[in-house]
Amino acid sequence: MEKYLRDNFDVQPKRPSEAALRRWRSAVSVVKNPRRRFRMVANLAQRADAEQKRQKLQEKIRVALYVQKAALNFINGIYIYRGGHMLSKEIQEAGFGIDPDELASIVRSHDTKCLEHHEGIEGLAKAVCVSLQSGINSCDVPLRQNIYGVNRHAEKPSRSFWMFVWDAMQDLTLIILIVCAVVSIGVGISTEGLPKGMYDGVGIILCIILVVFVTSISDYKQSLQFKDLDKEKKNVSIQVTREGTRQKVSIYDLVVGDVIHLSIGDVVPADGLFISGFSLLIDESSLSGESEAVNVDQQKPFLLAGTTVQDGSAKMLVTCVGMRTEWGRLMDTLNEGGDDETPLQVKLNGVATIIGKIGLGFALLTFLVLTGRFLLEKIEQHEITEWGLNDASKLLNFFATAVIIIVVAVPEGLPLAVTLSLAFAMKKLMNDKALVRHLSACETMGSAGCICTDKTGTLTTNHMVVDKIWICEQTKAIKSGTSENVLKPSISEQIFDLLLQSIFQNTGSEIVKGQDGKNKIMGTPTESALLEFGLLLGGDSKYYNEKYKIVKIEPFNSVRKKMSVLVALPDGNNKSRAFCKGASEIVVKMCDKVVNADGKVIDMNEQQRNSITEVINGFASEALRTLCIAFKDIEGSSQEGPDFRNKSQQEMEEIIPKIQVMARSLPLDKHTLVTHLRNDFNEVVAVTGDGTNDAPALHEADIGLAMGIAGTEVAKENADVIVMDDNFTTIVNVIRWGRSVYINIQKFVQFQLTVNVVALMLNFVSACVSGSAPLTAVQMLWVNMIMDTLGALALATEPPHDGLMKRPPIGRNAKFITGVMWRNITGQSIYQIIVLLILKFRGKQILKLSGPDSTSVLNTVIFNTFVFCQVFNEINSRDMEKINVLRGMFSSWIFLMVMTLTICFQVIIVQFLGAFAQTVPLSRELWLTSCMIGALSLLVAVVLKCIPVPDSNYIATHHDGYEQLPSGPELA
């Protein structure tokens, strides 16, 4: 089976090839309800059509971006403004001076002449009633949304509950059973009269209605969970200025007139115009397909939604939102065709196909045996030429029995159980601060054997403070509550002023007034720590920014590992001062001078360079992040080259197994490490990242985890999971749930295969020996619901326990149905088949049944015993290896609820619905007997679990070379 599954039903968790997706689709057969079973499967034809639409739209946008710009340049000298759109009464009454369509077309068409006609960005700001310094007032948001639209893209309407009911009714076997039931009612009324003749048929119809509604409710609730998660995925926080304060708002609340702050890694959330900023480089490839980045400044101020900030920072005025943007139209095509199915969903479609074929064969064989025995009886009694309604009714029942075997034998619920388990896990992880963007990540995380994680903000808290400073050849410890006196007395006034100027002007963060009126620092943890230190020293950012004008900013990124700023000195001699801060070894290497103990700038000799390096290493050995600050008075600008690190393949293979910490790593290093771990060492690799340049590594890894607080939008877009609290504990929790999902599905498969084997063999053997099946159509439909929807609900939603983290991760190519599972399935099936067949053929003698209703009582006992065997086997399936299966059961309320409902419905069916289910009420003793036989399966499980099974499903060790890291509270 494993070879067949691997050859036909094996897909990659990320970016599976279209050939693999088509291969498993063509291998699937014996599907009862394609609409329901493939509901969570990508529609490849629809996806291909959507891709064609997207490419056509991109081509149109490319024309708009390049041809129109070229045309405007050519006709620059003869351009005549034709006049704007006529303002509607509604716009005039709202106080706005420009029509939404005209405003949108300015940016979309890059129409500089129209922008000039409206007196530039200041004129447009006046037209939309906004101050470029203070932003809009929050109370105006509804009005602006009414006039200029909301920042939402068109979404397909949600499917109603009745659509799921309709899907559930498309099951071919249920349709056949409904037809059989209707015919049965007609035949029954003709032969037995009303109301007795309609009981069998009505019973089947009622049971089908119950199955349909239980299935539909389960599917509908799943769809609501996925819809909520999808909303959360798209709900990005944007930094804006409103009412003079900088604040975060939801992307859905952005309106025309908002002043947005953009930085590296941000996705532009709406169309707009550049207000101010430095070195803004925009990647428009997602919109136009062009890979070359575009510089945006006051001469070329147009910014389009959906593009990405590749470098620099800026403030932007929103001019167009939602479906008026080109990105809004393009988004319509991006999600068509659905998401890729997960490896487990595909694999379980394969398992369902194999079992379905076996079940179909048994159903056909059972029908032939029953029909053959019936015909032989008629021949023996010389009645082969005499046919009546009773004979037709018997043949119809044989056919219904065969169809019911197919209903039970084809485990349609297997692939859907994965969806149920994933939906449950994703919802729980959302509550635990982990947003899963791709379904497959939930599964793959359980197999992760290697996590490449950033230290700062992930292994440590996301809040940083300045702990020590080395300045003027002296080290000062900065304690909480320290004032400016910690530095001022020991260094010169000029150096103290230079330090504060460097802190407040060479920064990517900003000190703003919050809605509570208090100062608040917006920015990364490192930048925030420096600004907090500057405020602690008594500095004032406003003073320095008013005195020294910033000429140019080179923002920090992971390649440069430094940030630089050029400011104009106020003496009017055209002199400038450059400040630089960043990775200590990079900045020190750039410097040829140093401030000595007297506060004077002197040439740096080799001894001083070594002394500074020793200080840096000393700080680093205390687990402190070290930064170096430098300055230079210049009349020009400096430049540097990137630091490339190249090793041969052989060197990589030797060094990677020994790596525990990679310090000062470039994004390329992280990407290289991940690639080698996956390809050379066959590891399932999880990677954390927050920066724009982490995107390739996040994309390459089996599971990419982006930081929700410190992470850029580009990092989040390339991640599979967003860790919303930037905490490593959350990552561990994701792994726990990943392992839980995988093992829960294995539990459900073990449970369902046991039911399948027992139901098939019981009906087939009974049909061959006695000429009748012990379980009726209604009873089998109820059993099918126990093992399908209710079984999945009970076992696929079990929460993780701490023991999961004590076992090694699942190997990349591990068998899904393990030796342990086959042992449990085989043992439980043998026990149940033997017990039920003994009851079938010797039950009357063992239970001492007699009288006209003894056969009905015996069949009811068999049905009752079969159900209780499944109830207790469901408990057995909670742990496939441990003997104590009751541990944690009473804290799993879903499991307890399913067990309670199953038993309650079983009592109702047996005691009160006998006319429909063909059962008779049982005595207390017979109920106890059924329950005890079922409970004995617990003891059978104990015996089975004592049988050792060699299992290579888990990877025993990682690649060699690791040494144990030092541990203890003092090193935490």
Side-chain angles (χ1 to χ4, degrees), residues 33-43 46 150 152-171 209-236 250-252 331-332 334-342 344-345 412-443 720-722 724 734 737 740-741 744-745 748 785 788-799 892-895 897-898 901:
N33 188 348
R35 277 179 71 107
R36 180 170 182 258
R37 182 151 156 193
F38 300 133
R39 180 168 51 85
M40 298 296 292
V41 169
N43 186 322
Q46 205 176 73
V150 294
R152 288 179 183 269
H153 305 127
E155 294 181 359
K156 292 178 181 177
S158 301
R159 303 182 79 217
S160 68
F161 170 72
W162 297 106
M163 288 294 293
F164 288 95
V165 172
W166 177 250
D167 283 354
M169 290 175 65
Q170 303 306 302
D171 191 315
I209 290 171
L210 181 64
V211 168
V212 165
F213 271 87
V214 169
T215 301
S216 303
I217 290 168
S218 176
D219 291 349
Y220 180 60
K221 290 191 76 173
Q222 284 178 45
S223 75
L224 293 180
Q225 287 179 340
F226 283 123
K227 186 180 178 184
D228 291 342
L229 288 164
D230 195 50
K231 272 186 184 175
E232 196 62 40
K233 279 192 287 188
K234 296 174 182 175
N235 189 10
V236 179
S250 165
I251 191 171
Y252 299 132
M331 281 294 288
D332 263 353
L334 291 183
N335 295 321
E336 286 186 22
D339 294 329
D340 286 324
E341 49 275 20
T342 72
L344 266 185
Q345 285 174 326
E412 203 86 325
L414 279 181
L416 298 168
V418 181
T419 309
L420 175 64
S421 187
L422 291 173
F424 184 78
M426 288 170 73
K427 184 180 178 182
K428 291 294 183 183
L429 283 170
M430 184 68 207
N431 296 335
D432 292 340
K433 304 295 183 185
L435 175 60
V436 179
R437 298 185 69 252
H438 300 133
L439 271 178
S440 60
C442 257
E443 294 173 12
D720 303 293
V721 180
I722 299 173
M724 298 172 74
V734 173
W737 274 103
S740 178
V741 165
N744 283 350
I745 299 303
F748 176 64
M785 195 160 71
D788 197 328
T789 308
L790 295 179
L793 198 61
L795 292 171
T797 58
E798 283 264 270
S892 179
W893 66 269
I894 296 179
F895 187 90
M897 182 187 72
V898 170
L901 283 175

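For this chain, numbers begin at 1 and follow the sequence in order. Fair warning: this is a prediction, and the values are worked out from it, not measured in the lab.
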Q | Nearest non-hydrogen partners of Ala417 and Ile745, listed with the distance | A | O-CD1, 3.6 Å
Q: Any chance you could measure Ser216, atom OG, to Trp166, atom CH2, to the nearest 0.5 Å?
A: 12.0 Å
Q | Qualifying salt bridge (Lys or Arg N to Asp or Glu O under 4.0 Å) pairs, either residue in residues 214-227, two or more places apart | A | Arg36-Asp219, Arg39-Asp219
Q: Look up atom OH in Tyr220 and atom CG in Asp167, then write down how far apart they are to the nearest 0.5 Å.
A: 13.5 Å
Q. What's the shortest heavy-atom distance between Val418 and Leu344, and which atoms?
A. CG1-CB, 4.0 Å
Q.
When you compare the side chain of Leu422 with that of Thr342, does any pair of heavy atoms fall below 4.5 Å?
A. yes
Q | With sequence neighbours excluded, residues passing ring-ring contact (aromatic ring centres under 6.0 Å, His included) with Tyr252 | A | none
Q.
Going by the rule salt bridge (Lys or Arg N to Asp or Glu O under 4.0 Å), which residues pair with Asp171 if we only count those two or more places apart in sequence or in a different chain?
A. none
**Q.** Value rounded to 0.5 Å, distance of CZ in Phe895 from CG in Leu795
**A.** 5.5 Å
Q: Would you confirm whether Thr797, through its side chain, and Leu793, through its main-chain N or O, come within 3.5 Å as a donor-acceptor pair?
A: yes
Q) Sequence neighbours excluded, which residues qualify as side-chain contact (heavy atoms from CB on, under 4.5 Å) partners of Met169? A) Val165, Val212
Q: Any chance you could measure Ser740, atom OG, to Phe424, atom CZ, to the nearest 0.5 Å?
A: 8.5 Å
Q | Listed partners of Arg152 passing salt bridge (Lys or Arg N to Asp or Glu O under 4.0 Å), at least two apart | A | none
**Q.** Closest approach of Gln345 to Glu443 (non-hydrogen atoms, all atoms of both residues)
**A.** N-OE2, 4.2 Å
Q: Check whether any side-chain heavy atom of Ile217 sits under 4.5 Å from a side-chain heavy atom of Phe164, and report yes or no.
A: no
Q: Name all residues meeting the side chain to side chain donor-acceptor pair (under 3.5 Å) criterion together with Ser440; count only those two or more places apart in sequence or in a different chain, and write none if there are none.
A: none
Q | Spacing of NZ belonging to Lys427 relative to CG belonging to Leu429, to within rounding of 0.5 Å | A | 12.5 Å
Q | For Asn744 against Ser421, the heavy-atom pair lying closest together | A | CB-OG, 4.3 Å
Q) Mind checking whether Phe161 and Phe213 have parallel, tilted or perpendicular rings, split at 30° and 60°? A) tilted
(Q) For Phe748 versus Ala792, what's the shortest heavy-atom pair and its separation? (A) CE1-N, 3.2 Å
Q) Which value, rounded to the nearest 0.5 Å, describes the distance between Asp720 atom CG and Leu435 atom CG? A) 11.5 Å
